[in-house]
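A short write-up of the structure that comes next.
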Amino acid sequence: MSDTPPRKLRCAMVGGGRDAFIGAVHRNAMALDGQIELVAGALSSSPDKARASGRDLHLADGRNHGDWQSLLADELKRPPEERIDFVSIVTPNHVHFPVAQAFVEAGFHVVCDKPLVHTRAQADALVAAVKKQGTLFGVTYNYTGYPMVRQAREMVRSGRLGEVRKVVVEYNQGWLASQLEGAGNKQADWRTDPARSGAAGAIGDIGSHAENLVASVTGLEIESLCADLSALVPGRMLDDDGSLLLRFKGGARGVLIASQINTGLENDLRLRVSGTLGTLEWRQEQPSQLVHLPHDGPKQIFTRGSPWLCEAAQRASRLPAGHPEGFIEAFANIYAGVVADIRARNAGQPADPIAADYPRVEDGARGVRFIARTVASAQSESKWTPW
């Protein structure tokens, strides 16, 4: 046996160049544990901006590309021992599918931002391609990376709440309360454009996070839904406010709210799960606390980093209790899961399920279905739209 430590995994990034919000978040998350090295990229749809962005990040000239097609072609020309281990896709939504499909079909592992793709047909094609190639495919629903979300998942699924009866999830923002699109705000511009964002606005952008949070924590499957979507800012082409009633298989009921026009609110994602034995509450803006309200006892507040948390929650923490961890660390936990899975595959061993804990392509495909069924429900005269 060798005592030589494993090398860093090599990553390429598509999108995320100058003026991008989420690209820097991904890069910071990758760097946090010292396991990933960004070695290549095509960081913008503009070739000049892509190369300038790569120079900002000190990419070698030979791996700093003007478009993703050149990036893929270059990696395929390299000997296997020099190629990237995976690609991270952080572009606007309309670019996800062609890039992801091409890299999967070429045999590369992929990490992709959400929502996965525009249509259910594209999602199904990606799921089939990943299955055929046997590659790894992670989707960055980053809120599942928070330690207290993983603690909530363990408590719900181990029966601490009894039978789940009601789930309420809200994701409220206020940044789109005025018409920022067309006024130089890059994020507002593409997120409100159907050609780039897809069929939904707020529901696709943040509602997909809310749906994934419910599914990840509770394991409940939607049976039918009733949706009301609105574009409350005059002239806006996609929804900026959505309210849904949910019916789950097994009888539980739910409410999902996703709104980006709640003036003054920042990133207010909150979840409440109620069962026959108690309730759990979690808020993203206070991520280190999970409130447990048992039916037959006093309120309990679990805190991140505490020794009595489940193993998954403890492993997802990097600092002792009382030292704040948050958004980037949650992203880093998703990447840590991807790294653990890739290393296990490279070693020909099964991955530790707690270590390799991250959303898969199937989760992304379910999110695309959620968006499609929500839009269909909002356009329908029927009260309930089957899943």
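Quick note: numbers below take in every heavy atom, side chains included, and nothing from hydrogens, waters or symmetry partners.
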Practice task
Kindly check if the number of other-residue, nucleotide or ligand heavy atoms within 6.0 Å of CD (Glu81) is above 12?
Solution key: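 Above 12, so yes.
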Problem - Over 12 non-hydrogen atoms of neighbours within 6.0 angstrom of CD in Glu163 - result: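 Not buried by this count: 12 neighbours or fewer within 6.0 Å.
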Practice task
Give every residue pair that meets the salt bridge (charged side-chain N to carboxylate O under 4.0 Å, His left out) criterion with at least one member in residues 88-105, sequence neighbours excluded.
Solution key: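 Qualifying pairs, neighbours excluded: none.
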Exercise for the section: Could you name each residue pair satisfying salt bridge (charged side-chain N to carboxylate O under 4.0 Å, His left out) that touches residues 11-36, not counting sequence neighbours? Expected result: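 Every pair satisfying salt bridge (charged side-chain N to carboxylate O under 4.0 Å, His left out) with a residue in residues 11-36: Arg18-Asp56, Asp19-Lys49, Asp33-Arg318.
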Look up atom [atom1] in [X] and atom [atom2] in [Y], then write down how far apart they are to the nearest 0.5 Å.
{"X": "Ser288", "Y": "His323", "atom1": "OG", "atom2": "NE2", "answer": "11.5 Å"}
{"X": "His292", "Y": "Gln300", "atom1": "NE2", "atom2": "CD", "answer": "6.0 Å"}
{"X": "Phe137", "Y": "Cys112", "atom1": "CZ", "atom2": "SG", "answer": "5.0 Å"}
{"X": "Asp357", "Y": "Arg153", "atom1": "CG", "atom2": "CZ", "answer": "4.0 Å"}
{"X": "Glu223", "Y": "Thr385", "atom1": "CD", "atom2": "OG1", "answer": "13.0 Å"}
{"X": "His58", "Y": "Asn64", "atom1": "NE2", "atom2": "CG", "answer": "12.0 Å"}

Any non-hydrogen side-chain atom of [X] less than 4.5 Å from a side-chain atom of [Y]?
{"X": "Val110", "Y": "Thr135", "result": "no"}
{"X": "Val87", "Y": "Val14", "result": "yes"}
{"X": "Leu256", "Y": "Leu225", "result": "no"}
{"X": "Trp387", "Y": "Arg366", "result": "yes"}
{"X": "Asn262", "Y": "Tyr171", "result": "no"}
{"X": "Asp193", "Y": "Glu181", "result": "no"}
{"X": "Phe331", "Y": "Ile22", "result": "yes"}
{"X": "Arg360", "Y": "Asp341", "result": "yes"}

Mind checking whether [X] and [Y] have parallel, tilted or perpendicular rings, split at 30° and 60°?
{"X": "Tyr141", "Y": "His209", "answer": "perpendicular"}
{"X": "His118", "Y": "His94", "answer": "tilted"}
{"X": "Phe103", "Y": "Trp68", "answer": "tilted"}

Exercise for the section: Applying side chain to side chain contact (heavy atoms under 4.5 Å, CB included), run through Val255 and Lys166 and close with a yes or a no. Expected result: CA-CA 8 Å; Val255 177; Lys166 185 68 175 284; 3.9 Å; yes
Practice task
Give the C-alpha distance, both sets of side-chain angles, the deciding distance and a yes or no for salt bridge (charged side-chain N to carboxylate O under 4.0 Å, His left out) between Glu37 and Arg7.
Solution key: CA-CA 9 Å; Glu37 180 182 12; Arg7 63 170 177 80; over 6 Å; no
Handout entry: Intermediate values then yes/no, salt bridge (charged side-chain N to carboxylate O under 4.0 Å, His left out), Arg63 and Glu75
Key = CA-CA 9 Å; Arg63 290 185 121 164; Glu75 291 300 321; 3.0 Å; yes
Exercise for the section: Indicate whether any N or O donor in one side chain lies under 3.5 Å from an N or O acceptor in the other, for Arg343 and Gln35. Expected result: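 Result is yes, a qualifying pair exists.
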Handout entry: Test item: side-chain donor near acceptor, Asn172 and Ser259, under 3.5 Å
Key =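 Judged by distance alone, the side chains do not pair up.
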Exercise for the section: Take Lys114 and Asp363 through the salt bridge (charged side-chain N to carboxylate O under 4.0 Å, His left out) test and state the conclusion after the steps. Expected result: CA-CA 10 Å; Lys114 44 56 56 191; Asp363 298 291; over 6 Å; no
Handout entry: Joint cluster assignment, Val139 & Ile222, ILVMFWY side-chain distance < 4.5 Å
Key =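 In one cluster: no.
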Handout entry: Cluster link Val156 to Tyr143, ILVMFWY, side chain under 4.5 Å
Key =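 The answer is yes; both residues are in one hydrophobic cluster.
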Problem - Within 45° cone of Tyr146 ring axis and under 6.0 Å: Arg150 NZ or CZ - result: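 Not satisfied by the 6.0 Å and 45° rule.
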Problem - Expected output: side-chain Asn28 to main-chain Ala24 donor-acceptor under 3.5 Å - result: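 Checked: pair present.
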Handout entry: Partners meeting side-chain hydrogen bond (donor to acceptor under 3.5 Å, both in side chains) with Asn142 (sequence neighbours left out)
Key =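 With neighbours one apart ignored, the set is empty.
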Problem - Candidate pair Lys77 and Asp74, rule salt bridge (charged side-chain N to carboxylate O under 4.0 Å, His left out), full reasoning - result: CA-CA 5 Å; Lys77 291 177 183 177; Asp74 178 67; over 6 Å; no
